[in-house]
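Note sheet for the following structure.
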There are 2 protein chains.
Amino acid sequence: MRLAIPEVVVLRLPEYLRALEQLAGEGVYLVSSQELGEKLQVTPAQIRKDLSYFGHFGKQGKGYDVKRLIGELRRILGLDRDWRLAVVGVGNLGRALLRYGGFSQQGFKIVAAFDTNPKVTGKKVGPVVVQDVAEMPKVVKSEGVHIGVVSVPASAAQEAVDRLVQAGVRAILNYAPATLRVPPSVYIRHVGPVSALESMTFYLKDVKG
Amino acid sequence: MRLAIPEVVVLRLPEYLRALEQLAGEGVYLVSSQELGEKLQVTPAQIRKDLSYFGHFGKQGKGYDVKRLIGELRRILGLDRDWRLAVVGVGNLGRALLRYGGFSQQGFKIVAAFDTNPKVTGKKVGPVVVQDVAEMPKVVKSEGVHIGVVSVPASAAQEAVDRLVQAGVRAILNYAPATLRVPPSVYIRHVGPVSALESMTFYLKDVKG
DNA sequence: TTCTGTGAACGGATTCACAGCA
DNA sequence: TGCTGTGAATCCGTTCACAGAA
């Protein structure tokens, strides 16, 4: 077991987890690195090496116990507890995120939503009532928000992030198409629907007419 | 210039592009790899090396012409043309994607939407009228769809992908939390709101209580 | 002088190949 | 025999450091 785990490894673990949960749903109890690799288009050695950073989860000659490995991965990824999210920006995307059911399955709970538009504030969307951003410092504290989700327009994204950081949020998922500045102690990741498409087209452009 | 460009490089180009577009909007005409690197939290050498795979875009002693580099990156990424999208699955997420305005700015155009639910088919959502999935083969051809966006529930994702592939779509952006099988000739990428959170919590779990 | 572009050096991730266990 | 776990070897991406252009 090494001390520093490569970031690429951490990024692959959720993929493994998802595939394993699918297998569990199909009633599969045991899976080899070979089989899992085929499903995920990853080499078996890659999977074994990745898992070996965290412990010895397999049985020689058999493979991995699917249920057990799901549990281990969830623990490794910190998914064996609840994470409290706040959504900033209740436009199309924010509204979809608030109503999206997939978060709760993995222990993500939306506990607050913020917007500046008085046509939206005060209304219930998904599990929460939208509040004015002015309430953010108070609510982040009282609701124990861990992660901020930014779904405002690009032009308002930096301000939204600044407010979240100011309110004490240390992790941000950014859906706005903007490059944002945060202090080094804050973990930020950009997702956005367009970025993935943009690198995809690089590979498509020579293939299709 | 090398022949094979590392995938990581391609994944960084949209980040560069976004930062440059932001700079252009601020009226910046010239930027050094140093300055761009600070904005993006990337080393200047990384940026210079990445760009050197594609050509000589900078001016020694000066830096990069922002407008010029935006144009080059858009060309490199294949964004100097239109890309036609079809959304499969008009639930919360699909509806948000259909109504999302950010696609068109980068040349992505939603030309079709499909669902199986008769409560949704026939209705206009965003720029298109939702059609039954049975229409897919015909519509994909007539509308010249390049990229399929899957936003159905996990349980229906494999079927949605199969239908898209069958209809001739060669590139798929998957929002469903499922591991999907496609022929080797089809380019698929998973995005989904949960995956990014799951690797984030790995880094957060030891920090916050 | 300033900053790009790039071979060379370095470091880190992937793959190999096999020891070890069931 | 079958498959894991892992050092060693390999491969690949990043960083260094400097030549060269403005």
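The shown structure was predicted, so the numbers you read here are calculated from the model rather than taken from an experiment. Reminder, nothing fancy here: chain letters follow the sequence lines and each chain counts from 1.
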Report summary line: Rounded to whole Å, CD1 of A:Ile5 lies from P of C:dG12 at a distance of 14 Å
Report task. For A:Glu72, check side chain to side chain donor-acceptor pair (under 3.5 Å) against everything at least two apart and list the hits. Result -> A:Arg68, A:Arg75
Report summary line: Computed from five pairs at either end and rounded to 10 degrees, the angle between the axes of the helix from C:dT1-D:dA22 to C:dA22-D:dT1 is 10°
Report summary line: Sorted by chain and residue number, the ring-ring contact (aromatic ring centres under 6.0 Å, His included) partners of B:Phe103 (sequence neighbours excluded) come out as B:Tyr100
Report task. Rounded off to whole Å, could you give me the OH-to-P distance for the B:Tyr53 and D:dG13 pair? Result -> 7 Å
Report task. Would you confirm whether B:Lys205, through its side chain, and A:Ile76, through its main-chain N or O, come within 3.5 Å as a donor-acceptor pair? Result -> yes
Query raised in the report: Without hydrogens or angle criteria, can the side chains of B:His190 and A:Arg18 be said to hold a donor-acceptor pair below 3.5 Å?
Result: yes
**Report entry** Distance (rounded to the nearest 0.5 Å) between A:Arg84 CZ and A:Arg81 CZ
**Finding:** 10.0 Å
Query raised in the report: What is the distance from CD of B:Glu7 to P of C:dT14, rounded to the nearest Å?
Result: 12 Å
**Report entry** Set of side chain to side chain donor-acceptor pair (under 3.5 Å) partners for B:Ser199, sequence neighbours left out
**Finding:** A:Arg189
Report task. Please list, chain by chain and in numerical order, all residues satisfying salt bridge (Lys or Arg N to Asp or Glu O under 4.0 Å) with B:Lys62, sequence neighbours excluded. Result -> none
**Report entry** Stretch residues 64-79 of chain B: residues that reach within less than 4.0 Å of DNA chain D through a heavy atom
**Finding:** none
Below 3.5 Å between N/O atoms, which protein atoms pair up with nucleotides 20-22 of chain D? Just atom names and distances, please.
{"from": "D:dG20", "atom 1": "N2", "to": "B:Gln60", "atom 2": "NE2", "distance (Å)": "3.4"}
{"from": "D:dA21", "atom 1": "O4'", "to": "B:Gln60", "atom 2": "OE1", "distance (Å)": "3.4"}
{"from": "D:dA21", "atom 1": "O4'", "to": "B:Gln60", "atom 2": "NE2", "distance (Å)": "3.4"}

Requested in this report: Report the distance from atom CD of B:Gln46 to atom C1' of D:dC12, rounded to the nearest whole Å.
Outcome: 13 Å
Requested in this report: Decide whether A:Glu21 and A:Gln106 meet the rule of one side-chain donor and one side-chain acceptor closer than 3.5 Å.
Outcome: yes
**Report entry** Gap between atoms CG and P, on B:Asp50 and C:dT4 respectively (whole Å)
**Finding:** 14 Å
Requested in this report: Select one nucleotide: of D:dT14, D:dG5, C:dG5, the one nearest the side-chain heavy atoms of A:His56.
Outcome: D:dG5
Report task. Sequence neighbours left out, what passes side chain to side chain donor-acceptor pair (under 3.5 Å) with A:Gln166? Give chain and number order. Result -> none
Query raised in the report: Starting at CG of A:Leu51 and ending at P of C:dT14, how long is that distance when rounded to a whole Å?
Result: 13 Å
Report summary line: Residues A:Pro14 and B:Ser195: closest non-hydrogen pair is CG-O, 4.2 Å
Report summary line: Closest non-hydrogen contact found for B:Asn92 with A:Arg99 is ND2-O, 3.0 Å
Query - salt_bridge(B:Asp80, B:Arg74) N-O dist < 4.0 Å - result: no
Query raised in the report: What residues form a salt bridge (Lys or Arg N to Asp or Glu O under 4.0 Å) with B:Lys138, not counting sequence neighbours?
Result: B:Glu135
Requested in this report: Evaluate whether atom NZ of A:Lys39 has more than 12 neighbouring non-hydrogen atoms of other residues, nucleotides or ligands under 6.0 angstrom away.
Outcome: yes
Query raised in the report: Going by number, which of residues 9-35 of chain A have a non-hydrogen atom under 4.0 Å from DNA chain C?
Result: A:Arg12
Report task. Would you please name every residue forming a ring-ring contact (aromatic ring centres under 6.0 Å, His included) with B:Tyr187, sequence neighbours left out? Result -> A:Tyr203
Detail all sub-3.5 Å separations between protein N/O atoms and N/O atoms belonging to nucleotides 16-18 of chain C.
{"from": "C:dA17", "atom 1": "N6", "to": "A:Arg48", "atom 2": "NH2", "distance (Å)": "3.3"}

Query - Pairwise distance CG(B:Leu204) to CG(B:Leu197) - rounded to 0.5 angstrom - result: 9.5 Å
